[in-house]
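Have a look at the structure below before the remarks.
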Amino acid sequence: MSTSIPRRGLAMAELLIAGAGPQALALSCQLLQKRPQWRRHLRVVDPTGAWMVRWQRQMQAYEIPWLRSPSPHHPHPNPHALRRYAQDQQRMRELEGPYGLPHTGLFADFCRGVVQEFQLAERVQAASVAQIQLGPARPASLQVTLSDGALIQPRRLVLATGMGEPVLPSWVTRIASPYPAEALQHSQTLDLATCHGLLAQHILIVGAGLTSAHLALGALRRGAQVTMLCRRTLRSRPFDADPGWLGPKYLKAFHAEACWRRRHRQVVAARDGGSITPLLAAQLDQMRRRGRLQLHEQGQVQSACWQVGGWQVDCLDGCRHRADRLWLATGHRQGVSQHPLLRQLLDQKPIELINDFPVLTSDLRWPGTNVHLMGGLSALQLGPAARNLFGGLEAAKRIARAAVKA
Ligand SMILES: Cc1cc2nc3c(=O)[nH]c(=O)nc-3n(C[C@H](O)[C@H](O)[C@H](O)COP(=O)(O)OP(=O)(O)OC[C@H]3O[C@@H](n4cnc5c(N)ncnc54)[C@H](O)[C@@H]3O)c2cc1C
Ligand SMILES: NC(=O)c1ccc[n+]([C@@H]2O[C@H](COP(=O)([O-])OP(=O)(O)OC[C@H]3O[C@@H](n4cnc5c(N)ncnc54)[C@H](OP(=O)(O)O)[C@@H]3O)[C@@H](O)[C@H]2O)c1
């Protein structure tokens, strides 16, 4: 284990949560609703030092007007709380369409209210979990080192650290020619507001998920010419997966499935890669008909080369694109091997993995430890919506129940 972090005095905590995104907020609220007296034993650490900073940043960076998920999906334990808030604030117009998709601003204001209601504003410490050391007992005792060198011995640790590592296609690593940093970016580092000089530029966007659609529309609004390159076809669906996965319709059979491999196949099949909403599909189609957007389906990059101030991109089907900028909207890869803290855990307490996904206990613990996982990596227990707000609520209920019972 690395020794580069300066060690400081040892502190105790009932529960330590790594991450202050919507999933961590959902868990904190569930816990405090059951045990308000636990507030002083709860510690939350996140390098941003505040609640939901990453969430808010990504919504602003891609200029997302409203969420993809319906109004009952949010961090408050009461599913009606967001709708009630919109009513009280006379902001019902900010719940969009038949599912009441919350506008980004409404959702942010509501979440700020949730933080206030549960008196959580001062709970986030600006640090990250850097190391986890397991003791010999069963379940293993825990010693956690923070990025500032502080040592904590929590009774329980919850990793709610979000979406994993950006997917960089293999051709990116084969680019031999030097190019300016802003000429090739993954969506994770893109912010439309700071992309200057897009007028009349040609942007090639790789990927067919909702991020690619928002980035395409943002570039088009700034006068760019856009090509979307999808390795399959651009698929339109209201949600990431069929809404049957947000309730017993499909989850009942999923939970009854004893074979982890079959569960994993169901998760992958239910999401079936990236998709965009019907509304964005219609907006993109309009742009295509106006000649501003080109859609290249069944297209995969073979190689890219930066020459005389622009990209030349050759595809496997023989197509050649020229572009000023390449934007990768290729999503994030989740897996134990992608997560530095989980690699540490695996070294100390090896467990069964299915295609890099951990087989957790039903209360989302890494077996033999008191480390719980939230987010996409709990998908073998929670199903395809594990990484979404819906999954955050399900995970929060299971972990809070286990913590209170213990
Ligand atoms: C653009 C975009 C829009 C989305 N819209 C929706 C939507 O409308 N509805 C929906 O249900 N889902 C949506 N999603 C899916 C989304 O990822 C989740 O809903 C949500 O962000 C997951 O919350 P989280 O708390 O797991 O992760 P995050 O919001 O990513 O929060 C994780 C936090 O962990 C912190 N962290 C990381 N490592 C450490 C560490 N070692 N120690 C301490 N802290 C750490 C990070 O700083 C971050 O603040 C969207 C995703 C994207 C990318
Ligand atoms: N609230 C909102 O409005 C909003 C906005 C943005 C995102 N989101 C949510 O955020 C989550 C992530 O969305 P996302 O669009 O960032 O990621 P995503 O849904 O995972 O989509 C990634 C896309 O990149 C493609 N891809 C991956 N690797 C590739 C490679 N090597 N070469 C070529 N293409 C590759 C995938 O192709 P395949 O399809 O073939 O796998 C997919 O089309 C989703 O849950 C989404 O609903 C919500």
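Note that the coordinates shown come from a computational prediction; the quantities given were computed from them, not determined experimentally. All values below were derived from every heavy atom in this structure, side-chain atoms included, with hydrogens, water molecules and symmetry-related copies excluded.
Under the 4.5 Å side-chain criterion, counting only non-hydrogen atoms from C-beta, I351 is not in contact with V359. Counting heavy atoms from C-beta on, the side chains of V226 and M228 come closer than 4.5 Å. Here the side chains of L346 and L353 are in contact, with some heavy-atom distance below 4.5 Å. Proximity of T330 to P169: side-chain heavy atoms (C-beta onward) are separated by under 4.5 Å at one or more points. Two residues are said to be in side-chain contact when any heavy atoms from C-beta on lie closer than 4.5 Å; P102 and L82 meet this criterion. Contact annotation: the side chain of L31 never approaches that of S28 to less than 4.5 Å [non-hydrogen atoms, C-beta and beyond]. Put simply, the side chain of L229 does not reach to within 4.5 Å of the side chain of I205, judged on heavy atoms. V45 places a side-chain heavy atom less than 4.5 Å from the side chain of V129.
Ring pair F118/H76: centre-to-centre distance below 6.0 Å. Aromatic pair W245/F239: centroids not less than 6.0 angstrom apart. F357 and H264 have their aromatic ring centers within a separation under 6.0 angstrom.
The backbone N or O of W306 lies less than 3.5 Å from a partner atom in the side chain of S177, making a donor-acceptor pair. Checked by atom type and distance alone, the side chain of S275 never pairs as donor or acceptor with a backbone atom of S236 at under 3.5 Å. Side chain of S147 to backbone of S128: a donor-acceptor contact under 3.5 angstrom is found. Between the H214 side chain and the M59 main chain, no donor and acceptor come within less than 3.5 Å of each other. Panel note: side chain Q348, backbone Q133; no donor-acceptor pair is recorded below 3.5 Å. Proximity of a side-chain donor or acceptor of R123 to a complementary backbone N or O of L42 within less than 3.5 Å is detected. Judged by distance alone, with hydrogens and angles left aside, the side-chain atoms of R398 form a donor-acceptor pair with the main-chain N or O of S362 at under 3.5 Å. With H73 contributing its side chain and S69 its backbone, the two residues share no donor-acceptor pair below 3.5 Å. Put simply, the side chain of Y85 never gets that close to the backbone of V114: no donor and acceptor are under 3.5 Å apart. Proximity of a side-chain donor or acceptor of N388 to a complementary backbone N or O of F390 within less than 3.5 Å is not detected.
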Note to self: Go through it in stages, so that I can follow the logic: the residues are Q58 and T211, the test is side-chain contact (heavy atoms from CB on, under 4.5 Å), and I'd like the CA-CA distance, side-chain angles, deciding distance and then a yes or no.
What the structure shows: CA-CA 10 Å; Q58 71 198 14; T211 299; over 6 Å; no

Margin query: H339 vs T161, test: side chain to side chain donor-acceptor pair (under 3.5 Å). Steps then yes/no.
Written below: CA-CA 9 Å; H339 197 300; T161 52; 2.8 Å; yes

Checklist line | Candidate pair R68 and D240, rule salt bridge (charged side-chain N to carboxylate O under 4.0 Å, His left out), full reasoning | finding: CA-CA 8 Å; R68 192 179 199 176; D240 285 312; 2.8 Å; yes

Next item on the list: Give the C-alpha distance, both sets of side-chain angles, the deciding distance and a yes or no for side-chain contact (heavy atoms from CB on, under 4.5 Å) between L25 and Q23.
Entry: CA-CA 5 Å; L25 182 57; Q23 295 226 1; over 6 Å; no

Next item on the list: Before giving the answer on salt bridge (charged side-chain N to carboxylate O under 4.0 Å, His left out), spell out for E257 and R262 the whole-Å C-alpha distance, their side-chain angles and the decisive distance to 0.1 Å.
Entry: CA-CA 8 Å; E257 174 59 68; R262 257 182 252 141; 3.2 Å; yes

Checklist line | Steps toward side chain to side chain donor-acceptor pair (under 3.5 Å) verdict (R401, Q30) | finding: CA-CA 9 Å; R401 217 180 294 135; Q30 287 282 343; over 6 Å; no

Next item on the list: Might you work through the ring pair (Phe, Tyr, Trp, His ring centres under 6.0 Å) test for H74 and F107, ending with a clear yes or no?
Entry: CA-CA 8 Å; H74 53 69; F107 191 78; 7.4 Å; no

Checklist line | Pair R54-M163, side-chain contact (heavy atoms from CB on, under 4.5 Å): steps then yes or no | finding: CA-CA 11 Å; R54 190 194 271 173; M163 54 202 169; 4.0 Å; yes

Checklist line | Candidate pair L67 and L389, rule side-chain contact (heavy atoms from CB on, under 4.5 Å), full reasoning | finding: CA-CA 10 Å; L67 275 62; L389 296 172; 3.8 Å; yes

Note to self: Working note: R289 + D285, criterion salt bridge (charged side-chain N to carboxylate O under 4.0 Å, His left out); need CA distance, chi angles, decisive distance, verdict.
What the structure shows: CA-CA 6 Å; R289 280 188 272 112; D285 198 44; 3.5 Å; yes

Check: Is there a side chain to side chain donor-acceptor pair (under 3.5 Å) between Q312 and R322 once you walk through the steps?
Finding: CA-CA 5 Å; Q312 178 178 299; R322 293 190 193 279; 3.1 Å; yes

Check: Step by step, would you call Q185 with R325 a side chain to side chain donor-acceptor pair (under 3.5 Å)?
Finding: CA-CA 8 Å; Q185 280 178 280; R325 297 182 193 218; 4.9 Å; no

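Atoms CZ and CZ, from F110 and R84 in turn, are 10.5 Å apart once rounded to the nearest 0.5 Å. L101 contributes atom CG, which lies 13.0 Å from atom CD of E94 (distance to the nearest 0.5 angstrom). From T361, atom OG1 reaches atom CG of D363 across 3.5 Å, with rounding to the nearest 0.5 Å. Note that the CD1 atom of I276 and the OG atom of S212 stand 7.0 Å from one another [nearest 0.5 Å]. Here the straight-line distance linking atom CD1 of I132 with atom CD1 of I152 works out to 11.5 Å at 0.5 Å rounding. Note that NE2 of H196 is 11.0 Å distant from CG of L192, once rounded to the nearest 0.5 Å.
Nearest heavy-atom pair across R271 and P384 is NH1-O, 2.7 Å.
Taking the charged nitrogens against the carboxylate oxygens, R235 and D272 do have a contact shorter than 4.0 Å, which makes a salt bridge. Using a 4.0 Å cut-off between charged side-chain N and carboxylate O, D109 and R91 make a salt bridge. With salt bridges taken as basic N to acidic carboxylate O contacts below 4.0 Å, none links R333 and E165. Note on R221 versus E63: salt bridge recorded, some NZ/NE/NH1/NH2 to OD/OE distance being below 4.0 Å.
Side-chain contact, Q188 with H332: a donor N or O sits under 3.5 Å from an acceptor N or O. Checking Q286 against R292 by side-chain atom types alone, no donor-acceptor pair falls below 3.5 Å. In this model, no donor atom of one side chain and acceptor atom of the other lie less than 3.5 Å apart for D314 and H321.
Using a 30° and 60° split on the angle between ring planes, Y179 and W311 fall in the tilted class, from 30° to 60°.
Here the rule is salt bridge (charged side-chain N to carboxylate O under 4.0 Å, His left out) with E14, and of R40, R39, R155 only R155 fits it. Each of V44, D148, L16, D46 was scored for a side chain to side chain contact (heavy atoms under 4.5 Å, CB included) with Q125, with one residue passing: D148.
Crowding of E122 atom CD: a count of heavy atoms from other residues, nucleotides or ligands under 6.0 Å not exceeding 12.
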